[in-house]
Amino acid sequence: MAASQPQVPATSSAAGVSGPGSAGGLGTQQQPQPPTQLVGSAQSGLLQQQQQDFDPVQRYKMLIPQLKESLQTLMKVAAQNLIQNTNIDNGQKSSDGPIQRFDKCLEEFYALCDQLELCLRLAHECLSQSCDSAKHSPTLVPTATKPDAVQPDSLPYPQYLAVIKAQIACAKDIHTALLDCANKVTGKTSAPPTGSGGAL
């Protein structure tokens with residue numbers, strides 16, 4: 001009996017220790033999170049897809065293989081339709097298998113050609129805009145704190161001010177011309193008809 005009495009508090013203390021520990025372990029257990037590598041790869045893939053959607057050159061490169069495949073399909077379908085029509089004209093039995101329609105393949109091919117044309121036009125517009133901005137916008141002005149970092153195409157500060165003043169004057173002239181045209185249009189539309197007072 002004396003040997004069995006110390007075992008009871010030992011088991012109870014063991015149960016008391018294991019109970020909160022296990023409950024605390026369950027309470028603090030976190031849900032498994034996705035690995036950071038998968039998240040980074042998904043974000044990079046989404047970024048690359050957005051760049052392909054907005055960059056006409058990347059879009060053009062992506063459409064070229066589709067155009068080649070569409071052209072091959074178009075030639076194949078055209079040959080199949082030609083063979084079938086020849087067999088029908090000669091009174092021979094045509095193939096029982098279904099044949100794709102030539103007009104649908106041709107329409108798909110023309111749709112890809114239109115997309116490629118739009119990509120090329122957009123790329124040409126972007127290139128012309130960048131060339132115009134580089135031509136008409138003033139270059140960097142050298143700073144006095146870094147005299148060694150002066151670029152060969154940089155303007156001196158007085159010439160830079162002259163260019164900025166000329167651009168401001170040009171913008172004001174355009175704004176004034178637009179206001180004059182708007183006033184003339186509204187004046188013609190809102191002016192009362194002449195000769196109405198004399199008739200009364």
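Here the structure is a predicted model, which is why all the values come from computation and not from measurement. Values below: all heavy atoms of this structure, side chains included; hydrogens, waters and symmetry mates excluded.
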Task: Student check: side-chain heavy atoms of Leu127 and Ser130 closer than 4.5 Å - done: yes
Task: Euclidean distance, Ile64 CD1 relative to Leu116 CG, rounded to 0.5 Å - done: 5.0 Å
- [ ] Hey, could you give me the NZ/CG distance between Lys184 and Leu179, rounded to the nearest 0.5 Å?
- [x] 12.0 Å
Task: Partners passing side-chain contact (heavy atoms from CB on, under 4.5 Å) against Ile174 (at least two apart in sequence or in another chain) - done: Cys170, Leu178
Task: Check: Pro56 and Leu120 side chains under 4.5 Å, non-hydrogen atoms - done: no
- [ ] Rounded to the nearest 0.5 Å, what's the gap from SG on Cys105 to CZ on Arg101? Could you check?
- [x] 10.0 Å
- [ ] For Thr176 and Lys172, indicate whether the former's side chain and the latter's backbone hold a donor-acceptor pair under 3.5 Å.
- [x] yes
Task: Rounded distance (nearest 0.5 Å) linking atom CG of Leu82 with atom CG of Asn87 - done: 9.5 Å
- [ ] Verify the cluster assignment for Leu63 and Leu74: are they in a single hydrophobic cluster under the rule of side-chain heavy atoms below 4.5 Å apart?
- [x] yes
Task: Sub-4.5 Å side-chain heavy-atom contact between Gln115 and Arg59 - done: yes
TODO: Find out if a path of hydrophobic residues (ILVMFWY) with successive side-chain heavy-atom gaps under 4.5 Å connects Tyr60 to Val57.
DONE: no
Open item on the list: Can you tell me how far apart CD1 (Ile83) and CD1 (Ile88) are? Round to the nearest 0.5 Å.
Closed with: 12.0 Å
- [ ] Could you list the residues that satisfy side-chain hydrogen bond (donor to acceptor under 3.5 Å, both in side chains) with Glu108, not counting sequence neighbours?
- [x] none
Open item on the list: Pair Gln100, Thr73 - check side-chain contact (heavy atoms from CB on, under 4.5 Å), show working.
Closed with: CA-CA 10 Å; Gln100 297 182 5; Thr73 305; 3.9 Å; yes
TODO: Go through Leu122 and Leu118 one step at a time and tell me if the side-chain contact (heavy atoms from CB on, under 4.5 Å) criterion holds.
DONE: CA-CA 6 Å; Leu122 182 58; Leu118 289 176; over 6 Å; no
Task: Val77 and Lys104, any side-chain heavy atoms less than 4.5 Å apart - done: no
Task: NZ/NE/NH1/NH2 to OD/OE distance under 4.0 Å, Glu125 and Arg121 - done: no
Open item on the list: In this structure, would Leu112 and Leu106 fall into the same cluster of hydrophobic residues linked by side-chain contacts under 4.5 Å?
Closed with: yes
Task: Spacing of CE belonging to Met75 relative to CZ belonging to Phe102, to within rounding of 0.5 Å - done: 6.5 Å
- [ ] May I ask whether Leu71 and Tyr110 are part of the same hydrophobic cluster, defined by side-chain heavy atoms of I, L, V, M, F, W, Y residues being less than 4.5 angstrom apart, directly or through others?
- [x] yes
